[in-house]
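Worksheet for the structure shown next.
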Amino acid sequence: MRAVVITGVSRGLGAALFDALYERGDRLFAIGRRFTEAQQGLAATDPDRVLLRHADLGVPDEVPDAVELADFLRDSPAVLIHNAGVVEPIGAVGALPGDQIATAVAVNLTAPLLLTNGFLAAAERSEQVRVLFVSSGAAHRVVEGWATYCATKAGGEMLFDAVAEQYRDDPRVEVDNVNPGVMDTDMQAAIRGSTSGYFPDRERYLGLYERGQLPSPAEVAARIVAQHLTGE
Ligand code: NAP
């Protein structure tokens, strides 16, 4: 049975990926600050398949280490999905709250690096290893007012390009960046609700929502599973 480590499953895309992967029969090690009632129910009734690990990914010391991950992975085919992310702070550099900058860098970039470092050590005996970084179109184009988000997603993509290169001659290991595209989650609500004076694209995101052009996270999760997370 495949062993999947995934971050940020309390809502949005992460919650939908959790459901899709549980449905497929994977064992799940979900990392985050919060979990839904349904997830807590599964952890209680199906503890061999669902482990909920509390961690604030904004705090590097809380990221699970290789020993803890190895205990979960055992020798199973191993998957790591970096889903947790934050779009804030939105606004002009020069007027951003410093604590929000530090948290965004920690959640979007430092935690994925620390977790991958532990995971790859823990997965040494797994015959198949997959790492997926949930990125954004903002990794490749400037969205005005999103400097921290653009920089951390671009940094994340470079990080996983570098890890992919490290394993280029090892067919056991596959590493990918995936852009889920816009979707109807709390992150989009935070974008629409931004009151920053420096975010000229806000109206565009508002329009996508008002015209019903945001796919559901369940649709996006199904696509990501079909394209990147098939097989054993
Ligand atoms: P979301 O609805 O805001 O959910 C974010 C998830 O990340 C939540 O489970 C949240 O947990 C978790 N998270 C945030 N800060 C955390 C922290 N400090 N420690 C632990 N977990 C934390 O976001 P989403 O829209 O589903 O986004 C999922 C991924 O897709 C992100 O990487 C995002 O950048 C990317 N993405 C989204 C869109 C979009 O249109 N929504 C577009 C492109 C890319 P809590 O409940 O504890 O906060």
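Both counts, for ligands and for their atoms, begin at 1 and track the order of listing.
- Within the cation-pi definition used here (under 6.0 Å to the ring centroid, within 45° of the axis), R53 does not qualify as a partner of F29.
- Looking only at atom types and distance, the side chain of S76 has a donor-acceptor partner in the side chain of R27 under 3.5 Å away.
- When only modelled atom types and interatomic distance are considered, E174 and H228 share no side-chain donor-acceptor pair under 3.5 Å.
- Within 4.0 Å of ligand 1, the residues that place a heavy atom are G8, V9, S10, R11, G12, L13, R33, R34, A55, D56, L57, G58, N83, A84, G85, V86, V107, V134, S135, S136, Y149, K153, P180, G181, V182, M183, T185, D186, M187, Q188, listed by chain and number.
- Other residues, nucleotides and ligands contribute only 12 or fewer heavy atoms inside 6.0 Å of the OH atom of Y209.
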>> Test side-chain contact (heavy atoms from CB on, under 4.5 Å) on L17 and V9; report intermediate values, then the result.
In response: CA-CA 8 Å; L17 283 169; V9 299; over 6 Å; no
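- Ring geometry for Y149 against W146 counts as perpendicular: the plane angle is over 60°, on a 0 to 90° scale with 30° as the lower cut.
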